[in-house]
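All residue numbers refer to positions in the sequence shown, counting from 1.
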Amino acid sequence: MALEDYRESMEKCSHCGYCKYIPLSQIKSSRFLSGCPSMDYMHFHAYSGSGRLNVAEGLLDGTIDYSDKLLDVVYKCPVCGMCDVSCKMSVTELETLETALELRAKCVEDGQTLPEHMAVIDNLREEDTMILGKKKADRGRWAEGLGVKDLSKGGTAEVLFHAGCRLSYDEDRWEVVRGAVNLLKNAGVDVGIMGADENCCGGRAYEMGYRGEFKKYAESNIETWETKGIKTVVTCCSDGYYAFNYLYPAKSGKRVNVEILHITQYLDRLIKEGKIKPNKSVPMTVTYHDPCHLGRMGEPYIPYTGKRKKIRNQIAVWDPPKPRRLGAKGVYDSPRDILKSIQGLDLVEMERIRECSYCCGAGGGVKEAYPDFTIQTASERIEEAKATGAEAIVTSCPWCERNFIDATVEKGEKMKVYDVIELLQKAI
């Protein structure tokens, strides 16, 4: 698809403003009704889903041209998908998220990029990772001493564990990824890793607008899975889950013939099968943050081959009706079920949850390019967590965790940050 393909969304937007908030039916208070981090930070319509539809149309029509302000509007967005869900649930079928992503792709195609993004992409091209300054050769260091199969040296396994860029290099979070592998091994799972040969999923590159890089890594990873005879790919990275589960089949042009699971889905399965038994009490009150890429953007891809037609040459409809990605079929229950299986743990919910979850602020390249925006977004979510009375915010995405940790340090917050895996380990 190209930006021009979403002109109908640009022309049909009534600028009602629903994209700035969570769906109206889900609002529980005036304090936590916002859904768009960009609007919370900039307070100007151009930074909303509707505003970017305006910008896209103006760029296509030639009524506006590239400028620093236009690029600020395009890139100062975590592409969290909340505007898209709210629009589809409240109004109509406008494609605010897809338009925003295609707008970025057009900017990259036209050479209108951010230097902060280019530094990351250059590192990706050289070292196969989105973590700036890190080397390909060090990607597998997190697994030293675990005794897990390294499939890059030969052999195969029923389950391939994909660590992802963030957890491969963020040494402060290695407890999460090492804990995940140990849990799988102790449950008798035939698991392997790709070690230093593991590649980036390409999902964040796609969101920044770099489609060539995305396609390269999609093709490479799918080929690796086929060559190694992998049946199931499990990842701790929500970005990776979204890329494997949705972007690969929807955008790469390649078939994905393996089962894709997030680690919480797999661990929840093992607990319910009795292969993992959380017997120890963990007395703690926690709240769970739904990562955007695991939740509303984590819905599986559903192929569609219908056509657009008009009733009485006036009302445009999809024939047959087109499935709408409302976010409700993301991964929500598995992480919560794991937490509920832990004795002594009290799970309390925030107001904005599941498909209405507020973004942590780390996605879409904003953490690299706009650190102040990123910290403010994470701080807003932490305020919501504090309002529940919880002593810790728990999630299942390393990018969310890193952003929350950075925000608590910068703001002097006492809120603790955990991954679901860390709490499960405490209960074993």
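- Between E213 and K216 there is no salt bridge, since none of the side-chain N atoms of the basic residue sits less than 4.0 Å from a carboxylate O of the acidic one.
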Worksheet entry | Intermediate values then yes/no, salt bridge (charged side-chain N to carboxylate O under 4.0 Å, His left out), K28 and E349 | CA-CA 12 Å; K28 300 177 179 66; E349 295 283 10; over 6 Å; no
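- More than 12 heavy-atom neighbours from other residues, nucleotides or ligands sit within 6.0 angstrom of CZ on F32.
- Atom CZ of R255 is surrounded by 12 or fewer heavy atoms from other residues, nucleotides or ligands within 6.0 Å.
- Between V85 and C356, every side-chain heavy-atom pair lies at or beyond the 4.5 Å cut-off.
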Item to complete: Let me see the working for K272 and D268 under salt bridge (charged side-chain N to carboxylate O under 4.0 Å, His left out), right down to the final yes or no.
Response: CA-CA 6 Å; K272 289 171 179 174; D268 182 41; 3.0 Å; yes
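- Panel note: side chain K88, backbone R324; no donor-acceptor pair is recorded below 3.5 Å.
- Taking the side chain as every heavy atom from C-beta outward, Y266 and R269 approach each other to under 4.5 Å.
- Inter-residue side-chain proximity for S9 and L53 is flagged as met; some heavy-atom pair is nearer than 4.5 Å.
- A donor-acceptor pair under 3.5 Å links the side-chain atoms of E299 to the main chain of K329, judged by distance alone.
- Annotation: cation-pi geometry satisfied between R325 and Y246 (NZ/CZ under 6.0 angstrom from ring centroid, within 45° of ring axis).
- Checking each of D197, T129, N199 against K136 for a side-chain hydrogen bond (donor to acceptor under 3.5 Å, both in side chains) leaves exactly one that passes, namely N199.
- Partners of Y66 according to the ring-ring contact (aromatic ring centres under 6.0 Å, His included) rule, which considers only residues two or more places apart in sequence or in another chain, do not exist here.
- Counting only distance, with no hydrogens or angles, the side chain of T232 and the backbone of E259 share no donor-acceptor pair below 3.5 Å.
- Using a 3.5 Å distance cut-off with no hydrogens or angles, the side chains of H262 and T235 do not pair a donor with an acceptor.
- Y288 and S396 are linked by a side-chain donor-acceptor pair at a separation below 3.5 angstrom, with hydrogens and angles left out of the test.
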Practice prompt. In sequence, state the C-alpha distance, the side-chain angles, and the governing distance for D290 and R296, and then conclude on salt bridge (charged side-chain N to carboxylate O under 4.0 Å, His left out).
Written response: CA-CA 9 Å; D290 290 290; R296 58 176 160 265; over 6 Å; no
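- Put simply, the side chain of S168 never gets that close to the backbone of A163: no donor and acceptor are under 3.5 Å apart.
- Counting only distance, with no hydrogens or angles, the side chain of K149 and the backbone of T156 share a donor-acceptor pair below 3.5 Å.
- Under the 4.0 Å criterion applied to side-chain N and carboxylate O atoms, K426 and E422 are not assigned as salt-bridge partners.
- Between A137 and A196, the shortest heavy-atom distance links the atoms O-CB, 4.1 Å.
- For the residue pair Y358 / D40, a side-chain donor-acceptor distance below 3.5 Å is found, with atom types taken as modelled.
- None of R141, R178, R166, R402 except one satisfies the salt bridge (charged side-chain N to carboxylate O under 4.0 Å, His left out) rule with E171; the exception is R141.
- Ion pairing between a basic and an acidic side chain is recognised when a charged N comes within 4.0 Å of a carboxylate O; R204 and D239 show such pairing.
- Taking the six-membered ring for Trp and the full ring otherwise, F404 and H289 have centroids separated by under 6.0 Å.
- Expressed to the nearest 0.5 Å, how far CG of L167 lies from CD of E401 amounts to 7.0 Å.
- With sequence neighbours excluded, no residue forms a ring-ring contact (aromatic ring centres under 6.0 Å, His included) with Y18.
- Between Y169 and W142, the distance separating the two ring centers is not shorter than 6.0 angstrom.
- Between R125 and Y210 the shortest heavy-atom distance is NH2-CD2, 4.2 Å.
- Between D333 and K340 there is no salt bridge, since none of the side-chain N atoms of the basic residue sits less than 4.0 Å from a carboxylate O of the acidic one.
- Aromatic ring centroids of Y75 and H117 lie under 6.0 Å apart.
- Once rounded to the nearest 0.5 Å, the distance linking SG of C292 with CD of E355 reads 12.0 Å.
- C165 places a side-chain heavy atom less than 4.5 Å from the side chain of C200.
- Under the 3.5 Å distance criterion, with hydrogens and angles disregarded, a donor-acceptor pair is assigned to the side chains of S357 and R381.
- Side chain of N123 to backbone of G133: a donor-acceptor contact under 3.5 angstrom is found.
- Once rounded to the nearest 0.5 Å, the distance linking CD1 of I405 with CG of D172 reads 7.0 Å.
- You'll find the side chain of Y217 stays beyond 4.5 Å of the side chain of I222, heavy atoms only.
- Without hydrogens or angle criteria, N403 side chain to C360 main chain gives a donor-acceptor distance under 3.5 Å.
- Taking CE from M89 and CD from Q26, the interatomic distance works out to 5.0 Å, rounded to the nearest 0.5 Å.
- Distance check: S379 OG to E384 CD gives 13.0 Å after rounding to the nearest 0.5 Å.
- Using a 3.5 Å distance cut-off with no hydrogens or angles, the side chains of Y41 and D372 do not pair a donor with an acceptor.
- Using a distance-only test at 3.5 Å, with no hydrogens or angles considered, a donor-acceptor pair links the side chain of T63 to the main chain of G58.
- If you look at F244 and W225, their ring centroids are closer than 6.0 Å.
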Worksheet item: Under the side-chain hydrogen bond (donor to acceptor under 3.5 Å, both in side chains) criterion, do S152 and D150 qualify, and how do the steps go?
Response: CA-CA 5 Å; S152 67; D150 187 341; 2.5 Å; yes
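- The nearest pair of heavy atoms linking I302 to P323 is CG2-CG, 4.1 Å.
- The shortest non-hydrogen separation linking V286 to L345 is CG1-CD1, 4.0 Å.
- Looking only at side-chain heavy atoms (C-beta outward), V177 and F161 come within less than 4.5 Å of each other.
- The minimum heavy-atom distance linking G192 with L151 is given by the pair CA-CG, 4.2 Å.
- The main-chain N or O of T99 is never found under 3.5 Å from a side-chain atom of R52 such that the two would form a donor-acceptor pair.
- Considering only heavy atoms from C-beta on, Y248 stays 4.5 Å or farther from K254 through its side chain.
- No salt bridge links K231 with E158; every basic N to acidic carboxylate O contact stays at or beyond 4.0 Å.
- Proximity of Q265 to Y241: side-chain heavy atoms (C-beta onward) are separated by under 4.5 Å at one or more points.
- In this structure, the side chain of D84 does not engage the main chain of E98 through any donor-acceptor pair within 3.5 Å.
- By the 4.0 Å N-to-carboxylate-O rule, R139 lies too far from E127 to be salt-bridged with it.
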Practice prompt. Evaluate the salt bridge (charged side-chain N to carboxylate O under 4.0 Å, His left out) criterion for residues R352 and E380: first the C-alpha distance (whole Å), next the side-chain angles of each, then the deciding distance (0.1 Å), finally the verdict.
Written response: CA-CA 12 Å; R352 293 172 288 189; E380 164 66 7; 2.9 Å; yes
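- Taking both residues in full, the closest heavy atoms of K367 and T374 are given as CA-OG1, 3.2 Å, listed atom of the first, atom of the second, then distance.
- From F373, atom CZ reaches atom CG of D72 across 10.0 Å, with rounding to the nearest 0.5 Å.
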